Amino acid sequence: GAVVSQHPSRVICKSGTSVKIECRSLDFQATTMFWYRQFPKQSLMLMATSNEGSKATYEQGVEKDKFLINHASLTLSTLTVTSAHPEDSSFYICSAVSGAPNYGYTFGSGTRLTVV
Amino acid sequence: AQSVAQPEDQVNVAEGNPLTVKCTYSVSGNPYLFWYVQYPNRGLQFLLKYITGDNLVKGSYGFEAEFNKSQTSFHLKKPSALVSDSALYFCAVRDSYSGNTPLVFGKGTRLSVIA
């Protein structure tokens, strides 16, 4: 079945630095990927929709200059958290979708970001 | 607008007993419905989905769900729960008209299976 690889699984960084998270579709092409953020014991909050070759679409309240998304190929989307602060600490999950007719939404294993 | 409601934060069930995790939805068109399971510090694992066809959908690990259009529900069920089923379960929906749009998730239900 479809596999999405997300790296790193866990990262600790200092305040003010930037962190890049990669999301790769291993055995299918994903023109669209989604980035979610999950707070402890809460549901997934959609941050942005990433489309290959075009600018990402951000949800209301998500700072596009802070959370940079690049979808340069049909198998790779990256999320860069710039000038990270402790409040950015969270669990980030990507999802890639194969469209009609199967509408398969495959999720990465997530990245636990801790900003100290 | 699309939405999903999972009315129970927590469901407790004894091992070997049947389990049900409830989900109701609201969409403007025909619904595409999904169930996912999440283990601690992991991504979401796909269990099953309803796109069209038979209202009873069978999925991974012995789970099944029944699409009920009149009640706008898609409850997840398993005839005999295992301790290893203890996890966080998410119901999700999208409508049929929106192309490659993201899923809308419920808040999640934590299932605890007690030996």
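The structure presented is a predicted model; accordingly, all values stated were derived computationally and were not measured. Per chain, numbering begins at 1; letters A, B, ... match sequence-line order.
Linking Ile, Leu, Val, Met, Phe, Trp and Tyr residues whenever their side-chain heavy atoms come within less than 4.5 Å leaves B:Phe46 and B:Phe67 in two separate clusters. Linking ILVMFWY side-chain heavy atoms closer than 4.5 Å, directly or via other members, places B:Leu47 and B:Val113 in a single hydrophobic cluster. Hydrophobic clustering, with ILVMFWY side chains joined whenever heavy atoms are under 4.5 angstrom apart, keeps B:Val27 apart from B:Leu103. Following chains of ILVMFWY side-chain contacts shorter than 4.5 Å, one cannot reach A:Phe34 starting from A:Leu79, and the two form parts of different hydrophobic clusters. The cluster map of Ile, Leu, Val, Met, Phe, Trp and Tyr, joined by side-chain heavy atoms under 4.5 Å apart, puts B:Trp35 and B:Tyr50 in the same cluster.
Here the straight-line distance linking atom OG of A:Ser95 with atom CG of B:Leu44 works out to 8.5 Å at 0.5 Å rounding. Annotation: the span from B:Leu88 atom CG to A:Gln38 atom CD amounts to 7.0 Å, rounded to 0.5 Å.
In this structure the side chain of A:Leu44 reaches within 4.5 angstrom of the side chain of B:Phe90, judged on heavy atoms. Side-chain contact between A:Thr106 and B:Gln45 is absent, with no heavy-atom pair separated by less than 4.5 Å.
The shortest heavy-atom contact between A:Phe91 and B:Arg42 is CE2-O, 3.4 Å.
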Evaluation steps, ring pair (Phe, Tyr, Trp, His ring centres under 6.0 Å), between A:Tyr105 and B:Phe34
CA-CA 9 Å; A:Tyr105 288 76; B:Phe34 301 77; 5.4 Å; yes
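In the displayed structure, A:Lys55 atom NZ is contacted under 6.0 Å by at most 12 heavy atoms of other residues, nucleotides or ligands. Residue-environment remark: NZ (B:Lys107) exceeds the threshold of 12 foreign heavy atoms within 6.0 Å. Within a 6.0 Å sphere centred on OH of B:Tyr39, other residues, nucleotides and ligands contribute more than 12 heavy atoms.
At a 4.5 Å heavy-atom cutoff, the contact between B:Gln38 and chain A is made by side-chain atoms alone. Looking at A:Thr31, only its side chain comes within 4.5 Å of chain B, counting heavy atoms on both sides. Both the backbone and the side chain of B:Phe105 come within contact range of chain A, with heavy atoms under 4.5 Å apart.
With respect to B:Pro102, the side-chain contact (heavy atoms from CB on, under 4.5 Å) criterion is satisfied by exactly one of A:Val97, A:Thr57, A:Thr32, A:Leu46: A:Leu46.
Listed for the A:Ser43 side chain is no donor-acceptor partner under 3.5 Å among the backbone atoms of B:Gly108.
Most heavy-atom pairs under 4.5 Å with chain B: of the set A:Ser109, A:Ser9, A:Gly108, this distinction falls to A:Ser109.
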